[in-house]
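For reference, the structure discussed in these notes is given below.
As a basis for the values below, the full set of heavy atoms in this structure was taken, side chains included, without hydrogen atoms, waters or symmetry mates.
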Amino acid sequence: MKIEYDINLTALGELMLIAATNNGVCYLNFTKFHLSKAFVNLNNTLCSVDFDINKEVLRNELFKSFEIWCLSKDPNVEINVNKGNTLIVECFNEVNRYFKLKPEEKISFKFAVQLDLLGSKFHVLVWEEMLRTLHFGNICSYAGLAKQIGNEKAYRAVATANASNPIPLIVPCHRVIGKDRKLKGYGCGGIYVKEFLLTHENQEWRN
């Protein structure tokens with residue numbers, strides 16, 4: 001298997017690694033939001049972040065996690081950086097548009113970049129269901145998602161599929177919450193990142 005990747009800054013100032021096979025974007029990861037910085041000003045406008053941590057260290061951490069993931073898919077994988085990969089460039093542009101959305105644009109926004117979902121048959125089933133149903137303005141519980149795929153007892157397996165999601169943000173696992181409407185976790189940075197994304201989307205999940 002051949003996978004190309006690139007690392008760039010998002011509109012928030014976070015480093016993001018995006019990778020793609022010939023079939024589509026297969027991986028996305030980003031440095032985690034620093035809550036000690038102001039992400040939202042008094043006008044509720046997203047702000048950029050100035051890192052206190054060396055960006056090269058963060059780049060290396062992003063790549064190491066990516067490399068481990070690639071090797072778990074194919075021990076003989078060929079990994080190359082490609083800043084001109086059209087799928088990766090398109091994905092970066094869509095992510096930046098997502099973070100810059102005006103309130104009136106949010107409800108109609110959808111990621112359109114082609115994806116290549118690499119995972120077990122069950123995991124892909126869960127990810128495809130999230131892509132199909134969890135658009136802006138929609139949230140559901142793990143149990144509800146399990147019911148949607150025809151196996152309502154599989155909510156724990158659904159949670160595992162969410163945690164294994166290699167393309168967070170685009171495959172919207174952040175829109176899956178607990179049945180009690182609490183944020184149960186987020187594999188790409190923890191609950192505070194999940195809360196940030198839902199707040200950015202104007203999602204109301206609290207009781």
Which donor-acceptor pairs under 3.5 Å do side chains of residues 149-164 form with protein atoms, sequence neighbours excluded?
| from | atom 1 | to | atom 2 | distance (Å) |
| --- | --- | --- | --- | --- |
| T160 | OG1 | R156 | O | 3.2 |
| S164 | OG | T160 | O | 3.0 |

Kindly check if the number of other-residue, nucleotide or ligand heavy atoms within 6.0 Å of NZ (K179) is above 12?
-> no
Give the intermediate values and the outcome of side chain to side chain contact (heavy atoms under 4.5 Å, CB included) for residues L117 and V171.
-> CA-CA 10 Å; L117 301 176; V171 178; 4.1 Å; yes
Working for side chain to side chain contact (heavy atoms under 4.5 Å, CB included), residues T10 and L15 = CA-CA 6 Å; T10 70; L15 287 169; over 6 Å; no
Over 12 non-hydrogen atoms of neighbours within 6.0 angstrom of CG in N22 = no
Side chain to side chain, Q114 and V25, heavy atoms closer than 4.5 Å = no
Short side-chain donor-acceptor distance under 3.5 Å, N80 and E4 | no
Residue set satisfying ring-ring contact (aromatic ring centres under 6.0 Å, His included) with F111, at least two apart, ordered chain then number -> Y98, F109
Can we say E105 and K102 salt-bridge, meaning some charged N sits less than 4.0 Å from an Asp/Glu carboxylate O?
-> no
Does a salt bridge link R97 with E94, judged by any charged N lying under 4.0 Å from a carboxylate O?
-> no
Does the side chain of L131 come within less than 4.5 Å of L115's, by heavy atoms?
-> yes
Anything under 30° is parallel, anything over 60° is perpendicular, the rest tilted; go ahead and classify F196 against H200.
-> parallel
Answer yes if the side chains of E201 and H174 hold a donor-acceptor pair under 3.5 Å, and no otherwise.
-> yes
